[in-house]
Amino acid sequence: MRDPLTLLHEVFGFPGFRGVQEAVVARVMRGAGTLAVMPTGAGKSLCYQLPALARPGTAVIVSPLIALMHDQVRSAEAFGIRAAALTSADEDRAETMRRFRDGQLDLLYVAPERASGESFRSLLRATSLALFAIDEAHCVSEWGHDFRPDYRLLRPLLDAFPEVPRLALTATADRHTRADILEQLGLPQDGLIVAGFDRPNIRYMISPRDGLQGQLKTVLANQAGAGIVYAPTRDATERIAAQLAAGGRTVRAYHAGMDPGVRRRNQQDFVASEDMVMVATVAFGMGIDKPDVRFVAHAGLPKSIEGYYQETGRAGRDGEPAIAHLFWGAEDFARARKRLSEVDEARASGERARLSALAGLVETSECRRMVLLRYFGEDPRAPCGNCDNCLAPPATVDATEVARKLLSAAFRTEMRFGVGHLLDVLAGRETDKVIGNGHHRLSVFGIADEAEQKLVRPVARALLARDALRADDYGGLSFGPAARPILKGEHSLAVALPAPKARRRRGGAGEESHAHDPLFEALRARRREIAQARGVPPYVIFHDS
Ligand code: ADP
Ligand code: MG
């Protein structure tokens with residue numbers, strides 16, 4: 001065996017190990033099963049590349065995406081490492097197998113589904129193996145945010161080669177997922193190595209969507225350098241890219257449905273550019289080595305805190321200051337919760353936990369970084385001073401009473417009305433709709449003063465995010481499991497109000513004044529979608545009830 005440190009200098013030209021790399025490499029060198037949890041950009045690849053060179057034989061690396069494998073092969077080859085991917089998409093498969101059998105490969109990348117085949121096993125027996133590396137190992141766990149059933153095929157393969165060391169790698173694993181990965185891949189409890197997750201140069205900024213296009217334009221106007229805007233759907237990437245391009249900056253879109261040639265060119269241009277903005281789905285960024293991304297902006301709620309951390313982690317990999325913006329809406333939570341009803345219970349409980357962790361992050365008035373790091377099992381000592389909440393501390397208000405009033409007004413009006421109407425009822429306003437429905441006669445506990453009225457929307461948002469209140473497709477509401485403890489006075493509800501800024505010009509009276517409220521945008525958008533699906537203009541069925 002060759003000395004890893006010498007190889008680090010000679011092959012990679014790096015002056016030394018970074019963080020936990022040394023510990024991980026040392027374990028793999030002595031053949032110990034290991035799970036390395038290291039943030040994106042921490043240098044996970046080196047942890048298997050180096051032992052692959054230092055130990056006799058070839059390393060087999062399991063990776064979930066063909067694009068990812070090809071990126072890895074290319075960057076390994078750039079260091080003079082002999083690497084290849086064995087995928088159905090590659091025409092030189094026979095040649096790759098020949099090189100493998102002849103011991104001419106340092107790294108062989110394969111997809112997890114290959115692991116189950118007997119022919120693959122006999123191929124592996126044809127030469128000596130340096131190690132198995134399982135990249136993106138969280139895919140093996142249903143607790144993880146990206147479960148791939150194919151990863152469950154790996155265990156029998158690994159067990160068929162008990163003398164070959166196994167190294168699992170992931171950037172994203174909460175406690176449950178870590179424990180599960182160890183279990184599923186047959187790794188020892190003491191094989192867990194976790195790197196520090198703090199990215200002190202990234203400034204976290206999180207706010208409700210309030211005119212998204214304007215918010216993104218402000219980001220672009222204030223932020224030089226290359227940036228990524230993450231949009232929830234393919235359509236949204238193209239729409240937002242078109243809107244932002246009008247501002248004069250080079251803006252491109254990227255998503256899996258695009259022509260591969262265009263997509264590849266957009267990606268290459270982005271990597272080469274110093275100020276391009278890429279509007280993309282979250283697939284963009286995996287395996288892209290661009291250290292000087294200056295900002296990442298989420299136009300909608302990420303899937304999980306792991307996802308958020310990973311996506312924001314694509315900013316500022318050069319260590320220079322970078323900003324991560326997130327614009328969320330209550331409807332993001334509503335949509336995610338809706339998906340829960342479509343998956344089995346084991347899956348749904350993990351999802352629910354992830355959503356409530358996200359709700360905790362977006363709603364907190366505490367330091368965002370502390371919330372994030374605690375999620376990853378760290379114990380940060382002090383607020384970071386480099387997130388929106390540290391820079392402009394929001395006022396925290398106990399809004400439990402307002403929440404109870406809102407929930408009971410919803411109940412008293414048979415859950416058929418949106419928050420705008422409930423606010424009118426609570427404020428004792430005699431609008432046509434209030435009188436028409438006889439709601440002026442309801443004995444609800446009213447909200448008299450303006451300060452309380454201002455809390456109604458943030459409270460509604462908080463209730464929706466926490467699954468106390470659910471908005472249905474037709475503008476009505478229902479109670480979620482978190483409603484009861486609030487109504488019974490067992491749980492309190494605090495909301496963070498942003499530091500005051502110049503008031504936005506409002507539209508006309510009545511419903512129009514809800515123009516920029518995420519809750520109302522949600523309901524409107526949803527109504528439009530339904531109406532379109534039915535081929536009926538929205539105002540026919542859904543004039544504001
Ligand atoms: P990850 O897979 O953890 O996101 P990568 O393996 O892609 O990270 O590595 C990120 C970058 O860091 C790469 O450009 C890699 O060459 C570089 N890198 C890795 N280890 C070191 C090191 N010890 N010293 C300097 N650069 C390193
Ligand atoms: Mg990697």
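Just so you know, ligand 1 is whichever comes first in the structure, and atom 1 is the first atom listed for that ligand. Numbering starts at 1 and runs along the sequence shown. Since we're looking at a predicted model, the values are computed, not measured.
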For H298, all residues meeting side-chain hydrogen bond (donor to acceptor under 3.5 Å, both in side chains), sequence neighbours excluded: E311
H255-E238 side chain donor-acceptor pair, cut-off 3.5 Å: yes
With T312 via side-chain hydrogen bond (donor to acceptor under 3.5 Å, both in side chains) - residues at least two apart: none
Per-atom contacts of ligand 1 with R317, taking only distances under 4.0 Å to non-hydrogen atoms: 4 (O), 10 (C)
SB check D235 R239 (cutoff 4.0 Å): no
Closest to atom 7 (O) of ligand 1 among A36, A42, S45 (heavy-atom distance): S45
Within-shell test, G16 vs ligand 1, heavy atom, strictly < 4.0 Å: yes
Numbered atoms of ligand 1 (with element) below 4.0 Å of P39, judged on heavy atoms: 3 (O)
Check: Y48/Q72 side-chain N/O donor and acceptor closer than 3.5 Å: yes
Proximity winner for atom 2 (O) of ligand 1, if only heavy atoms of K44, R18, R314 are counted: K44
Heavy-atom gap M38 to ligand 1 smaller than 4.0 Å: no
Ring geometry between F284 and Y254 (parallel below 30°, tilted from 30 to 60°, perpendicular above 60°): tilted
Those atoms of ligand 1 less than 4.0 Å from some heavy atom in Q21: 19 (C), 20 (N), 21 (C), 22 (C), 23 (N)
Heteroatom proximity flag, P15 to ligand 1, N/O under 3.5 Å: no
